[in-house]
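The figures that follow rest on heavy atoms only: side chains count, while hydrogens, waters and symmetry mates do not. Chain letters run A, B, ... following the sequence lines, proteins first, then strands; residues in each count from 1. What you see is a predicted model; the values in this text were computed from it and never measured.
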There are 2 protein chains.
Amino acid sequence: MTSPLAFNAPLLEQGHPCADCAVRLLAICGALNNDELGELKQSGANVAFAAGDTITYEGDVATHVYNLTSGTLRLSKLLPDGRRQIAGFLFPGDFLGITMEDEHAFTVEAIGPATLCRFARSRFDGFVEAHPYLERRLYALAAHELAAARQQLVLLGRKTAAERVASFLLMLADRYESTLDALSARDVILPMSRSDIADYLGLRIETVSRELTALKASRLIQLTTTHNIRLLDRERLELMAEG
Amino acid sequence: MTSPLAFNAPLLEQGHPCADCAVRLLAICGALNNDELGELKQSGANVAFAAGDTITYEGDVATHVYNLTSGTLRLSKLLPDGRRQIAGFLFPGDFLGITMEDEHAFTVEAIGPATLCRFARSRFDGFVEAHPYLERRLYALAAHELAAARQQLVLLGRKTAAERVASFLLMLADRYESTLDALSARDVILPMSRSDIADYLGLRIETVSRELTALKASRLIQLTTTHNIRLLDRERLELMAEG
DNA sequence: CGAGCGATTGATCGCCATCAAAGTGGGTGG
DNA sequence: CCACCCACTTTGATGGCGATCAATCGCTCG
């Protein structure tokens, strides 16, 4: 899971190809000025995916990098017998393609309809080389993702089911909080299914469901709909998340 | 867990401060020529730690970066009630300091006696800025660590105790295999205690011990000493590691 | 209105944790 | 040099959390 790490950037003139991009100030584009953005855009293309579509397969050659402009993605890995672990979710503004390997280490799928800004890896690499601060930005993104992944190691290695679910809700809330178009940090939208949550938290869907029910019974959350949760007592939720 | 990612580099003249460094070709130093290495070395200092010493505390301000020259380190994080998760181990040649945050996210401790090459973060950052390919190298390191951490997520989220222990032994073997001074990929040295292994694998020490005993009984490994294991059937071990 | 899928709730099972005790080995002091 | 000590490891007995198996609910869409 990543945070948008928003940047300040000047407004674009009308007609610029990125002028109406919702995530222009996030991810890597926020570090670029108009001219650079135009230059980069020339080698990019908008691509759309439907719910459930696969963007990249684990093991495939990594020919492109992407910026997620709308929707939510999941990064997952399968064991031979079908057990699945979701390594993280990507939200609008997130960059997809931090790797030095030739092959994708994870399968990336669209949870709902999603649009991405795609660049050929070769051209992107060349562009990065010509813009050193982009390199630094990519490094910062990688370092940030690394910290998040290691935090998730603590969750998977040592937390109870209740702690995992509480942590997950707070993570999502923080994520929305740091995003520009957040309604409120209290109202968390879960774009993913219970199955996705379970595979992210190292649990089964029944356990996720039970823990959510328990949180509701304790008046810590309110299940507005299946995919909308209101945090009623953030403080107690934080205590619960950390054991 | 990281791999050394060795580089080719010219021999140093006698008297160079890094001439007798065992890990000069690994980590980030391998990407530098003599003059650059000398320049970097001027701002660095060798520091030694004893078994159990803490190099950095979780939450402390990150004032330095390090290159591990000898020994093994563990990166760990504690929950308020004392539960511990080890996020990874560092081996000679590994770089310590991939972060964009001001504070250390993890506690780093020496498992046995260890020596490190230390640099003030401010000076190191300046040096990196002046040497763009170092920046790229750091990015590659971060990407590599990220891939390793995400692989560990699969282990912690979805693997059984037996699979975790088998995976761990193979990871260590791969690690030694890619290191120059490896005796043989069959003979794995475990510098860390059973407690460290358990906290890395999300298990208890009793379970680690039991699984090692079981592997021995199945003739998959041989416990030369408590901290030396010989892999007798790598193929079956690999099957076991992946479920 | 009915079909079908995802989510919830309930009952039972099993893996690994926990509690407990014995074994082992390395280091120190007599 | 040896005996003791202490920490680490191994082995054994039992228990609990979350998985598994199973049934029902409820929403969405034809």
Side-chain angles (χ1 to χ4, degrees), chain A residues 50-52 74 79 81-86 111-113 155-169 189-218 221-229 240 243, chain B residues 50-52 74 79 81-86 111-113 155-169 189-218 221-229 240 243:
Chain A
R74 62 171 175 250
L79 289 176
D81 64 358
R83 278 175 287 175
R84 184 178 70 152
Q85 178 63 38
I86 291 182
I111 285 175
L155 183 148
L156 292 176
R158 288 300 175 215
K159 289 191 181 179
T160 65
E163 290 162 2
R164 292 180 200 207
V165 172
S167 301
F168 177 70
L169 294 178
I189 301 164
L190 309 174
M192 69 292 289
S193 67
R194 295 291 187 268
S195 175
D196 286 339
I197 298 173
D199 285 348
Y200 179 63
L201 298 178
L203 301 169
R204 316 260 60 185
I205 56 174
E206 295 95 330
T207 304
V208 171
S209 183
R210 273 186 251 272
E211 294 302 337
L212 286 173
T213 304
L215 286 174
K216 186 174 68 173
S218 319
I221 65 168
Q222 184 181 331
L223 281 148
T224 316
T225 75
T226 313
H227 293 280
N228 286 268
I229 288 181
M240 169 166 289
Chain B
R74 61 170 175 250
L79 289 176
D81 65 357
R83 278 174 288 175
R84 184 178 70 154
Q85 178 65 38
I86 292 182
I111 285 176
L155 183 149
L156 292 176
R158 288 298 176 219
K159 288 191 180 178
T160 65
E163 289 160 3
R164 291 180 201 207
V165 172
S167 301
F168 177 69
L169 294 178
I189 300 165
L190 309 175
M192 68 293 288
S193 68
R194 296 289 186 271
S195 175
D196 287 339
I197 298 173
D199 284 347
Y200 180 63
L201 298 179
L203 301 170
R204 316 260 60 186
I205 56 174
E206 296 94 331
T207 304
V208 171
S209 183
R210 272 185 253 272
E211 294 301 337
L212 285 174
T213 304
L215 286 175
K216 186 174 68 173
S218 319
I221 66 168
Q222 184 181 330
L223 280 147
T224 317
T225 75
T226 313
H227 293 281
N228 285 268
I229 288 180
M240 170 166 289

query = So, B:Q85 side chain and B:Y200 main chain: donor-acceptor pair closer than 3.5 Å or not?
reply = yes
task = Hey, could you give me the CG/CG distance between A:L215 and A:L223, rounded to the nearest 0.5 Å?
result = 8.5 Å
ask   = Where does the chain B footprint on DNA chain C start and end, counting 5' to 3' with a 4.0 Å heavy-atom cut-off?
value = C:dC16 to C:dC19
ask   = Taking NZ, NE, NH1 and NH2 as the nitrogens, is one of them in A:D199 or A:R74 under 4.0 Å from a carboxylate oxygen of the other?
value = no
Spacing between A:D81 atom CG and D:dT20 atom P, to the nearest angstrom = 10 Å
ask   = Can you check the A:E163 CD to D:dC17 P distance for me, whole Å?
value = 12 Å
ask   = So how far is it from A:M240 CE to A:T160 OG1, rounded to the nearest 0.5 Å?
value = 8.0 Å
Would you list the protein and nucleotides 5-11 of chain D atom pairs, both N or O, that sit under 3.5 Å from each other?
residue, atom, partner, partner atom, Å
D:dT9, OP1, B:R194, N, 3.1
D:dT9, OP2, B:R194, N, 3.3
D:dT10, OP1, B:R194, NH2, 3.2
D:dT10, OP2, B:R194, NE, 2.9
D:dT10, OP2, B:S209, OG, 2.9
D:dT10, O5', B:S209, OG, 3.0
D:dT11, OP2, B:T213, OG1, 2.6

Closest approach of B:E163 to B:G243 (non-hydrogen atoms, all atoms of both residues) = OE2-CA, 3.1 Å
Presence of salt bridge, A:D196 and A:R84, under 4.0 angstrom = yes
message = I'd like to know if the side chain of A:R164 reaches the main chain of A:K159, judged simply by a donor and an acceptor atom lying under 3.5 Å from each other, with no hydrogens or angles considered.
response = yes
Gap between atoms CZ and C1', on B:R158 and D:dT20 respectively (whole Å) = 13 Å
query = How far does CG of A:L190 sit from CD1 of A:I197, to the nearest 0.5 angstrom?
reply = 5.0 Å
